[in-house]
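See structure below.
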Amino acid sequence: MRNEDHHCSRDQIPTSTTQILTGHRNEVWFVQFSNNGEYLVSSSNDCTAIIWKVLEDGKLTLKHTLCGHQHAVSFVAWSPDDTKLLTCGNTEVLKPWDVETGTCKHTFGNQGFVVSSCAWFPNSKQFGCGSSDPEKGVCMWDCDGNVIKSWIGMRMPKVVDLAVTPDGEYLISIFMDKEIRILHMGTSAEQVISEEHPITSLSVSGDSKFFIVNLNSQEIHMWDVAGKWDKPLRFMGHKQHKYVIRSCFGGLNNTFIASGCENSQVYIWNCRNSRPIEVLSGHSITVNCVSWNPKIPQMLASASDDYTIRVWGPSLQKKEG
């Protein structure tokens, strides 16, 4: 990070609501922009996921509503080439979708099949799944539903969250609530980091070098993937102690972190500072998840229990002089 990066002018940081998306009929649990920045997907307690198209003027419009789950859709993952989506039903099946047509080709798993999270590998043909069922552990599947590889055993009980670094080098999983397992896919070497408080979610930086975890101790910790740091960078100021809250990297040069919060606000930190530089108000209740558009650094989306998604952009008010 260059020195001037963290003196980013306020007109490049999303601080104002530019649009409120009201397509869901219940709590919105998850949002994620596509890798090319052209779409946003949201998922909800209303058992659906929605694909939104980002128009040239920066407004979002509904493209597809993905129906078929019997329970809340708790997690969604874009394939790296943005042609496919995986949706995770809460204690239910996993469904792959074609983004262009909005159709589901087939379903993985059956009733009682518990997937806590999933993450694609760079080739967009294989993905990893983490399960909260200790019999399942972590599996690598292909798009036809074949298990290619699995990591099962006493060391893999209850996978809380899982991510693959964008370069495909590492599989990172959160298990037993407080343990972070970093597996090198090429060598099978692994390292384990132990946190003192339960972890609710995991997010990896676009350059594959860092990841952040949300803790229910009201802190976000940032670690290096290579495992050279003795202790994490800490970010605090938000409220989180009982819900799953998700955060993300993003913004200009990816030098910022954003997170939801249990007090209805969105928090933004500079990666160099443990205290937030912006607190965004607008939602009326818990903000579960945030996502920064990877191609439009001033665009941020947030998902809330108030049934809405807010899209945030720079304030149009310019200071005189």
Side-chain angles (χ1 to χ4, degrees), residues 1-2 4-24 28 30-43 49-64 76-85 99-100 120 122 124 163 166 203-210 212 246-260 265-272 276-283 287-304 308-318:
M1 298 175 195
R2 300 188 306 271
E4 63 265 27
D5 290 345
H6 64 277
H7 294 296
C8 180
S9 60
R10 200 166 181 270
D11 61 3
Q12 294 175 316
I13 298 174
T15 54
S16 299
T17 299
T18 57
Q19 193 176 0
I20 300 173
L21 306 177
T22 56
H24 287 292
V28 189
F30 192 86
V31 279
Q32 183 78 58
F33 279 104
S34 59
N35 300 287
N36 61 16
E38 295 178 7
Y39 298 100
L40 177 75
V41 69
S42 56
S43 72
I50 295 176
I51 300 174
W52 308 85
K53 171 71 175 168
V54 181
L55 302 177
E56 287 188 16
D57 64 359
K59 294 296 182 183
L60 277 72
T61 184
L62 194 150
K63 179 177 172 71
H64 296 299
V76 187
W78 289 97
S79 63
D81 63 8
D82 294 322
T83 63
K84 296 182 281 287
L85 272 174
V99 172
E100 189 55 42
W120 290 88
S124 295
S203 183
V204 179
S205 63
D207 63 7
S208 301
K209 292 180 180 177
F210 307 101
I212 45 179
R246 297 184 183 276
S247 57
C248 67
F249 291 92
L252 192 66
N253 299 321
N254 282 296
T255 50
F256 298 92
I257 289 170
S259 181
Q265 294 170 313
V266 175
Y267 284 71
I268 296 176
W269 292 263
N270 187 294
C271 288
R272 298 286 184 91
I277 58 170
E278 294 289 348
V279 180
L280 314 185
S281 298
H283 286 294
V287 180
N288 298 303
C289 184
V290 292
S291 179
W292 225 303
N293 189 313
K295 301 301 182 186
I296 309 172
Q298 313 93 296
M299 182 181 285
L300 182 72
S302 56
S304 172
T308 73
I309 299 144
R310 281 183 178 252
V311 182
W312 306 84
S315 173
L316 297 177
Q317 296 176 340
K318 301 271 185 182

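If you read the sequence from its start, that first residue is 1, and numbering goes on from there.
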query: Please walk me through it: do I51 and L85 pass side chain to side chain contact (heavy atoms under 4.5 Å, CB included)?
result: CA-CA 10 Å; I51 300 174; L85 272 174; 3.6 Å; yes
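Under the side chain to side chain contact (heavy atoms under 4.5 Å, CB included) criterion, P80 pairs with W120, S124, sequence neighbours left out. Here D82 pairs with S34, N35, N36, W78 under the side chain to side chain contact (heavy atoms under 4.5 Å, CB included) rule; sequence neighbours left out. The side chain to side chain contact (heavy atoms under 4.5 Å, CB included) search around S291 returns V31, Q32, F33, not counting sequence neighbours.
From I50, atom CD1 reaches atom CG of L60 across 11.5 Å, with rounding to the nearest 0.5 Å. To the nearest 0.5 angstrom, Q19 atom CD is 9.0 Å from T22 atom OG1. From S205, atom OG reaches atom CZ of F249 across 5.0 Å, with rounding to the nearest 0.5 Å. The structure places NZ of K59 at 5.0 Å from OG1 of T18, a figure rounded to the nearest 0.5 Å. Atom CD1 of residue I20 and atom OG of residue S304 lie 10.5 Å apart, to the nearest 0.5 angstrom. The distance from atom CG of N293 to atom SG of C248, rounded to the nearest 0.5 Å, is 10.5 Å.
For the pair L40/L21, a side-chain contact is recorded, criterion being any heavy-atom separation below 4.5 Å from C-beta on. By the 4.5 Å heavy-atom criterion applied to side chains, L280 and L300 are counted as neighbours. When side chains are defined from C-beta on, P166 counts as touching V204, because their heavy atoms get closer than 4.5 Å. Side-chain contact between H24 and I309 is present, with at least one heavy-atom pair separated by less than 4.5 Å. E100 is not listed as a side-chain neighbour of T83, based on a closest heavy-atom distance of 4.5 Å or more. Between S259 and W269, some side-chain heavy-atom pair lies under the 4.5 Å cut-off. Between F256 and I277, the closest side-chain pair of non-hydrogen atoms falls below 4.5 Å. The shortest distance between side-chain heavy atoms of Y267 and S247 does not fall below 4.5 Å.
A donor-acceptor contact under 3.5 angstrom links the side chains of D81 and S79, judged on distance only.
Residues T17 and W312 share a closest heavy-atom pair of OG1-CZ3, 3.2 Å. Taking all atoms of both residues into account, the shortest heavy-atom contact from G260 to V290 is N-CG1, 3.9 Å. In terms of heavy-atom proximity, G282 sits nearest to R310 at O-NH2, 3.1 Å. For G37 against V54, the heavy-atom pair with the smallest separation is O-CG2, 3.6 Å. Taking all atoms of both residues into account, the shortest heavy-atom contact from V76 to S43 is CG2-CB, 3.6 Å. Across M299 and V311, no two heavy atoms sit closer than the pair CG-CG1, 3.9 Å.
Within 6.0 Å of the NZ atom in K209, the count of heavy atoms belonging to other residues, nucleotides or ligands does not exceed 12.
Although no hydrogens or angles enter the test, the distance criterion places a donor-acceptor pair under 3.5 Å between the side chain of N270 and the main chain of R272.
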